[in-house]
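First the structure, in the form of structure tokens, and then the observations on it.
Counting starts at 1 for both ligands and their atoms, following the listed order. In what follows, every heavy atom counts, from backbone to side chain, and hydrogens, waters and symmetry copies are set aside.
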Amino acid sequence: MNNFEFHNPVKIVFGEGSIAKISELIPKNAKIMMLYGGGSIKNNGVYDQVIQALDTFSYIEFGGIEPNPKYETMMEALHIARKENIDYLLAVGGGSVIDGTKFLSAALCIDENEDPWEILQGKIEVKNGVPLSCILTLPATGTEMNPNSVISRKSTQEKLSFGSPFVMPKFSILDPKTVASLPERQIANGIGDAFIHVMEQYLTVPKNTPLQDRWAEGVLKTLIEEGPKVIENKNDYEAAANFMWSATMALNGILSRGCVEDWSTHVIGHELTALYNIDHARTLSIILPGNMNVRRNVKGDKIAQYGERVWGITEGSKDERIDATIAKTVAFFKALGLETRLSDCNLEEDTCKLVADRLEQRGVINFGEKGDINHGVITAILKDRL
Ligand code: NZQ
Ligand code: ZN
């Protein structure tokens, strides 16, 4: 096992009716900006619950944060938050609203003459953040309990991320009742994204981490068992609760402590979203099977372990078991309604080189758990999924 440090200070308040508790958790004298997305919270009762709980607080609202939150939109929020001397941020929504709020939290703490985009380029080190908290309405990203944020810039078609302990939420409210209003497409996205978060931390090279492996396999099996129940019936509270907690556990840092990670499926996937606006999870369900197939020389031992323990695949040579495991994974994604090939999104061969070129131009090369993913490997992974 590798050496590690672990500190996750995010308070989780889980369960039906927990939104009202924000009135006890936010400091009374806070000057709050409440941030939300395109309006789903106004149709499912979440907005009303928040407004009621904020009754005695001083707050302003900032709505309209879009899926794959845009830098341009968050710059508008930054302008208003500076003008209004905001000192507390409350994100109400899915991963996009929360990520946008994390970026705002960091941007509010840099000099006004500095360029906030440089936070995402890694040129400005985040040294502080305005306190923020979340009410999560879409189980998927794990952002409610991690330090990461992913922001897209419309003008340059870039999708970049940063991470800082200073933007970890003070608390996150997880009410599984919010799942009931999600469109089926977003439920499938959430199951797929959470599943592949586990894979990026687990499906690498063996490092004698039996406890972490079994935690990871536990989250995967729970998503396989509970996910379809949520798709079948969004009002199944117990299934929604298990889905929601699985998605948080999938990316709150616990699973990967001491392990070797590989976020290459995400790195390549972000390019597909930036270029073609494909939903985040759907880029991953296309790329992961190609990553498993093309890089079986690196991931083979863990793929075989995953195949046996999660899908019960024990027969045949190692390569046959790997093939069967990839087939099971693809079938699971398809059953959720996720795309698994570039052609499912009407993309053709020119995409493969274009994505590899863009990553290479940005200096994103020699990544993955063995540092072996270069222009040729990226192209091969994508060609595998034509
Ligand atoms: O904008 P509104 O109207 O709220 O509608 C949203 C949006 O259209 C809707 N929605 C959310 N909760 C709902 C609901 N509709 C009905 N009922 C509800 N309860 O769902 C749509 C998608 O929302 P979005 O927040 O974009 O989805 P998600 O949570 O999947 O977030 C995706 C973003 O997170 C990033 C992705 O790259 C993408 O930008 N990620 C963030 C990570 C992190 N910070 O750790 C890790 C992930 O790998 C991922 O990269
Ligand atoms: Zn993801």
T178 vs M244, side chain to side chain contact (heavy atoms under 4.5 Å, CB included): CA-CA, chis, key distance, verdict: CA-CA 10 Å; T178 58; M244 197 168 223; 3.7 Å; yes
What is the nearest protein non-hydrogen atom to [atom], stated with its residue, atom name and distance?
{"atom": "atom 27 (O) of ligand 1", "value": "L138 CD1, 3.3 Å"}
{"atom": "atom 25 (O) of ligand 1", "value": "S96 N, 2.9 Å"}
{"atom": "atom 29 (O) of ligand 1", "value": "G95 N, 2.7 Å"}
{"atom": "atom 2 (P) of ligand 1", "value": "G38 N, 3.2 Å"}
{"atom": "atom 43 (C) of ligand 1", "value": "T143 CB, 3.8 Å"}
{"atom": "atom 13 (C) of ligand 1", "value": "L182 CD2, 3.2 Å"}
{"atom": "atom 41 (C) of ligand 1", "value": "D99 OD2, 3.1 Å"}
{"atom": "atom 46 (C) of ligand 1", "value": "T141 O, 3.8 Å"}

Any donor-acceptor N/O pair, [X] side chain to [Y] backbone, under 3.5 Å:
{"X": "R257", "Y": "G253", "value": "yes"}
{"X": "N128", "Y": "C109", "value": "no"}
{"X": "K102", "Y": "T143", "value": "yes"}
{"X": "D111", "Y": "N113", "value": "no"}

Check: [X] N/O within less than 3.5 Å of ligand 1 N/O:
{"X": "G37", "result": "no"}
{"X": "H197", "result": "yes"}
{"X": "A140", "result": "no"}
{"X": "G142", "result": "no"}

Which of the numbered atoms in ligand 1 are below 4.0 angstrom from a heavy atom of [X]?
{"X": "G39", "answer": "3 (O)"}
{"X": "S181", "answer": "16 (C), 17 (N), 18 (C), 19 (N)"}
{"X": "N44", "answer": "17 (N), 18 (C), 19 (N)"}
{"X": "N146", "answer": "45 (O)"}
{"X": "K159", "answer": "36 (C), 37 (O), 38 (C), 39 (O)"}
{"X": "D193", "answer": "47 (C), 48 (O)"}
{"X": "P183", "answer": "15 (N), 16 (C)"}
{"X": "P67", "answer": "7 (C), 8 (O), 26 (O)"}

Would you call [X]-[Y] a salt bridge at under 4.0 Å N-O?
{"X": "K370", "Y": "D262", "result": "no"}
{"X": "E72", "Y": "K154", "result": "no"}
{"X": "D372", "Y": "R295", "result": "yes"}
{"X": "D301", "Y": "K318", "result": "yes"}
{"X": "E349", "Y": "K383", "result": "yes"}
{"X": "E369", "Y": "K207", "result": "no"}

Applying side-chain hydrogen bond (donor to acceptor under 3.5 Å, both in side chains) to E226 and not counting sequence neighbours gives K229, N242
For D319, enumerate each residue passing the side-chain hydrogen bond (donor to acceptor under 3.5 Å, both in side chains) test, keeping only those at least two apart in sequence or located in another chain. R296
Does [X] have a heavy atom less than 4.0 Å from any atom of ligand 1?
{"X": "P69", "value": "yes"}
{"X": "N68", "value": "yes"}
{"X": "H270", "value": "yes"}

Scanning both residues in full, the closest heavy-atom pair of T314 with E308 reads CG2-CG, 3.8 Å
Suppose we screen for ring pair (Phe, Tyr, Trp, His ring centres under 6.0 Å). Which residues come up paired with F103, at least two apart in sequence or across chains? Y71
Mind checking whether S18 and D175 have side chains closer than 4.5 Å, heavy atoms only? yes
Evaluating non-hydrogen atoms only, which member of T283, T137, T273, L251 is closest to atom 11 (C) of ligand 1? T137
I'd like to verify the contacts: list protein N, O or S atoms under a distance of 2.8 Å from the Zn ion (ligand 2). D193 OD1, H197 NE2, H266 NE2, H280 NE2
Does the cation-pi check pass for K11 over F171, that is, NZ or CZ under 6.0 Å from the six-membered ring centre and within 45° of its axis? no
Is there a chain of hydrophobic side chains (I, L, V, M, F, W, Y, each step under 4.5 Å between heavy atoms) that links I373 to I286? yes
